[in-house]
Amino acid sequence: MSEEKKFIEALRRKFKEAPEEKFTKFYIYDGWKQSKRKREFVEIAQKIAKERRIPFYNPDLHLGGIPLGQRVLMPYRLSGTDIYCEGDDLHFINNAAMQQMWHDIRRTVIVGLDAAHMVLTKRLGKEVTPETINHYLEVLNHALPGAAVVQEHMVETHPGLVADSYVKVFTGDDELADEIDDRFLIDINKEFPSDHAQQLKAAIGKRLYQVCRMPTIVAMTCDGATMSRWAAMQISMSMINAYKLMAGEAAVAEFAFAAKHAELIEMGTLMPWRRARGPNEPGGIPLGYIADICQASRVKPEDPVWVALEAISMGAVLYDQFWFGSYMSGGVGFTQYATCTYTDNILDDFCYYGADYVKKKYGGFAKVKPNWDIIKDIATEVSIYGLEQYERFPALMETHFGGSQRAAVVAAAAGVSVALATGHSTAGVNAWYLSQLLHKEEMGRLGFYGYDCQDQCGSTNSFSWRSDEGLVFNLRGVNYPNYAMNVGHQSAYTGIISAAHGGRGDAWTTNPLIKVAFADKDLKFDFTHPRLCFGKGALREFMPAGERDLIIPSH
Amino acid sequence: MIDYKPQYYPGSSIIAANRRKYINPNYKLEKLRSISDEDLVRLLGHRAPGEAYKSVHPPLEEMGEPECPIRRLVEPTPGAKAGDRIRYVQFTDSVYFAPLAPYMRAWMGHYRYRGVDIGVLSGRVPLEARERDLEKVAKELIETEVFDPARVGIRGATVHGHALRLDENGMMFDALRRYQLDKTTGEVVYVKDQVGVPLDKPITLGKPMPEDELRKRTSEFRVDGVSFRTDDELIRFIQRIHILRTEAGFDPNKVKGV
């Protein structure tokens with residue numbers, strides 16, 4: 001039996017004893033010294049403490065002299081890969097790939113060009129042709145990273161510091177796409193499987209959109225709300241340059257208005273005062289956008305489970321590690337919490353079990369309409385399966401030593417499975433909540449007060465669309481009231497949305513423009529394989545953007 | 001007032017029956033061990049044995065409370081009457097057949113005790129109350145069948161261990177090693193109080209329950225014990241609650257005949 005489980009190999013690597021073994025030894029591992037990474041931390045911290053003459057990191061201060069590591073400090077396998085690392089390597093501060101994933105999202109805005117073209121042609125009587133568009137894009141690729149195009153005697157950004165900043169365009173119009181210089185084009189036909197490309201082109205139509213990537217160093221030093229301003233400024237200036245306009249003529253205001261408002265699509269909306277952040281911050285990014293930003297569906301559209309698992313890892317890092325773990329709490333953060341959904345192939349095992357169950361019982365994905373019998377059957381079966389694995393394999397229980405980890409993983413599998421069966425993300429999240437209720441009664445425990453509270457009322461709000469208490473599930477996120485302190489949930493919610501649409505064979509989940517905007521091989525982070533990328537970050541093999549070597553002493 | 005007979009918990013399994021039993025305040029918990037008042041005070045670590053209770057306000061009868069119908073309805077607990085400060089006891093229940101699981105512990109506490117504030121987490125259940133009330137509650141929770149020295153820990157902080165494998169003696173992990181198994185007597189001995197401060201002399205809490213005894217008394221479903229799958233009544237009850245909640249949230253008019 002155990003050979004069939006996807007998590008067994010990782011469990012064997014994590015612990016000396018067989019995964020089925022219920023007993024082990026404690027207190028013999030020499031505390032933090034058993035960890036190579038902790039030893040490195042201590043060595044470097046001791047050197048720094050000497051230099052700065054202020055006490056620094058010292059794990060012997062833990063619990064008044066009882067350091068962590070009284071049990072095995074287990075390694076983690078990045079699910080879907082062969083990469084093993086230490087837990088510390090998955091804290092986003094220690095992982096450059098995680099940082100770059102967030103920076104690549106934060107520094108992106110989409111700006112439609114049609115309004116600007118209408119102003120140019122109808123109001124100013126200018127001609128707009130593929131040639132003028134290509135010229136404009138060349139100018140903007142000069143300007144967007146922070147260069148002058150109109151003014152004299154301007155200071156500019158060092159190209160070596162902003163090398164990752166550029167603009168590209170996409171359209172659903174094959175004829176127009178053919179005329180756009182390849183260097184500027186996100187070619188839907190090339191980047192997507194043909195049926196997905198057809199769906200996307202039909203949705204986008206003849207409109208033309210720019211995808212603006214501001215420099216990572218701007219994303220690191222300013223905030224998400226900077227991006228639309230930065231883009232709008234450089235777009236307006238480039239319009240003046242490319243179309244020989246008067247700087248400051250009334251029509252230029254239209255370009256600025258279009259770029260800042262009318263034609264602007266940001267990755268995230270701004271948040272209310274109590275969680276105040278500007279646009280393009282994690283708190284305002286809808287779950288369905290993260291499902292679309294993930295590009296795994298371009299690689300293996302025939303395997304929506306794998307696609308959902310990749311999307312889940314992005315949701316875990318962005319929402320749980322960055323947002324809840326840092327923006328909303330800080331310090332050590334919620335890494336341990338988040339990693340459970342993308343390490344050791346545990347959620348993978350539970351989800352593929354659910355997928356197989358759906359295929360066998362319901363004849364494939366998205367073959368049945370949601371109803372209570374379907375939701376009850378699949379959610380109950382998959383939840384009990386997951387709980388039984390923790391009970392059959394004590395090493396698995398020890399791996400997910402916190403109840404919230406187990407609750408997230410079991411409910412995620414239930415939600416993904418129902419979403420696959422029905423092609424309906426709201427049915428999927430409803431199954432998540434049934435799973436939480438079942439889990440609480442089966443184990444007599446779940447997560448912690450704040451975690452459980454939101455799952456006790458989740459059944460009630462899952463199908464509610466009333467404005468003060470509900471929202472279409474794909475558009476929810478951590479800004480949705482019931483999810484505002486809902487750590488450990490959003491990753492799976494991302495996956496539930498992904499699975500529903502993946503099961504249906506959809507090219508996107510929520511917004512086709514977002515989907516296409518990230519089908520871009522020039523991005524630093526590889527959105528087609530996020531888990532692999534996080535693993536490379538853990539191994540220190542990921543090269544991010546935004547480095548400052550050019551302007552600091554050699555080191 | 002309608003004649004209402006609480007049912008406490010649904011389900012047809014022995015686990016559900018144990019849950020009903022522990023939650024039901026009319027069921028007398030079986031006493032399995034004794035802890036002296038002095039040892040209890042030392043284990044809790046809030047005051048020295050013999051030390052007076054610290055108070056946060058004068059006794060209620062000296063305070064001249066305002067006229068209030070709720071005050072007339074609710075008799076204050078002894079600790080509240082005296083003005084005791086609020087203190088805590090916290091338990092960690094192993095997933096390996098501990099008598100209580102956290103939610104059972106909370107529900108049991110709310111049915112059985114007055115003036116308690118109980119939180120539930122996967123790995124610990126804090127119970128707060130006025131200090132003299134707390135000591136009474138803690139004594140019962142330690143002396144009776146809902147406690148096992150090997151699978152239940154008394155832990156104010158650093159509670160990690162409920163889901164970990166057991167040590168070679170069948171004991172639940174505790175990073176602070178507040179307790180140990182005395183191999184000569186077979187008894188579990190606390191050498192630190194609940195927050196990990198070393199005790200001047202150890203406190204013995206008796207022998208761990210045999211495995212078959214634990215399995216008989218546990219309120220935890222497990223696939224290697226009583227499987228949740230076998231309790232169809234409980235599963236159907238949970239599903240029903242979920243459906244009613246969902247439909248009520250979508251449109252309360254949809255819910256009929258409840």
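These numbers come from the heavy atoms of this one structure, side chains and all, not from hydrogens, waters or symmetry mates. Remember, it's a predicted structure, so these values are computed and weren't measured experimentally. In what follows, every chain begins at residue 1, and chains take the letters A, B, ... in the order their sequences are listed.
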Checked A/C457, A/G444, A/S404, A/G403 vs chain B; the most non-hydrogen pairs under 4.5 Å come from A/G444

Under the 6.0 Å and 45° cation-pi test, does B/R177 pair with A/Y27? yes

Please determine, among B/L234, B/D174, B/D231, B/I241, the option with the most heavy-atom pairs under 4.5 Å with chain A. B/D174

Taking every heavy-atom pair that is under 4.5 Å apart, which of A/I384, A/D452, A/I66 has the most such pairs with chain B? A/I384

Identified side-chain contact (heavy atoms from CB on, under 4.5 Å) partner of B/S94 from the options B/L166, B/L164, B/V152: B/L166

Note: A/R445-B/E220 ion pair, threshold 4.0 Å (strictly below): yes

Any idea which of A/F23, A/W372, A/Y433 has the most non-hydrogen atom pairs under 4.5 angstrom with chain B? A/W372

Proximity breakdown for B/T158 and chain A, heavy-atom pairs closer than 4.5 Å: side chain

Sub-6.0 Å ring centroid separation between A/H489 and A/W432: yes

Go through the atoms of B/P10 and report whether side chain, backbone, both or neither lie under 4.5 Å from a heavy atom of chain A. neither

Please confirm whether the ring centroid of A/Y385 lies under 6.0 Å from the ring centroid of A/Y357. no

I need the residue from B/R245, B/R222, B/R124, B/H242 with the largest number of non-hydrogen atom pairs under 4.5 Å to chain A. B/H242

Chain B contact via A/E21 - which portion, at a heavy-atom distance below 4.5 Å: backbone

Atom pair CD/CD of A/E86 and A/Q34 - distance to nearest 0.5 Å: 9.0 Å

Mind ranking A/R406, A/M443, A/K440 by heavy-atom pairs under 4.5 Å with chain B and telling me who comes out on top? A/K440

Max heavy-atom pairs within cutoff under 4.5 Å with chain A, candidates B/A163, B/A157, B/A101, goes to B/A163

Kindly write out the residues that satisfy ring pair (Phe, Tyr, Trp, His ring centres under 6.0 Å) with A/F334, not counting sequence neighbours, or none if the list is empty. A/Y337

Measuring heavy-atom distances to chain A, does B/D93 have an atom under 4.5 Å in its side chain, in its backbone, in both, or in neither? both

Quick one: what part of B/F237 sits under 4.5 Å from any heavy atom of chain A, side chain, backbone, both or neither? neither

Side chain, backbone, both or neither: which part of A/T24 has a non-hydrogen atom closer than 4.5 Å to chain B? both

Strictly under 6.0 Å, is that where the ring centroids of B/H160 and A/F401 end up? yes

Is the NZ or CZ atom of B/R20 both under 6.0 Å from the centre of the six-membered ring of B/Y8 and within 45° of that ring's axis? no

Count the heavy-atom pairs under 4.5 Å between each of A/E442, A/M397, A/Q70 and chain B, then report the option with the highest count. A/E442

Given the ring of B/F173, does A/R71 sit roughly above its face, with NZ or CZ under 6.0 Å from the centre of the six-membered ring and within 45° of the axis? no

Does A/K22 pair with B/E211 as a salt bridge, N-O distance under 4.0 Å? yes

Toward chain A, the part of B/I15 with a non-hydrogen atom under 4.5 Å: neither

Locate the shortest heavy-atom distance separating A/L437 from A/S459; write the atom from each residue and the value. CD1-OG, 3.9 Å

What part of B/R19 gets closer than 4.5 Å to chain A, counting heavy atoms only: side chain, backbone, both or neither? side chain

Check each atom of A/Y451 against the heavy atoms of chain B and say whether the ones under 4.5 Å are side chain, backbone, both or neither. neither

Per-residue contact mode, A/Q405 against chain B (heavy atom under 4.5 angstrom): neither

Heavy-atom count around B/K207 NZ within 6.0 Å, excluding the residue itself: above 12? no

Residue B/V125 versus chain A: region with a heavy atom under 4.5 Å: neither

Find the one option among B/I235, B/V120, B/L100, B/D224 whose heavy-atom pairs under 4.5 Å with chain A are most numerous. B/V120

If we define contacts as heavy-atom pairs under 4.5 Å, which of A/F463, A/F26, A/F448 has the most with chain B? A/F26

Pick from B/F250, B/Y9, B/W107, B/F221 with the largest number of heavy-atom pairs that fall under 4.5 Å of chain A: B/F221

For chain A, find which of B/M104, B/R229, B/E168 contributes the most heavy-atom pairs closer than 4.5 angstrom. B/R229

A/F393 six-ring face occupied by A/K5 cation (under 6.0 Å, within 45°): no

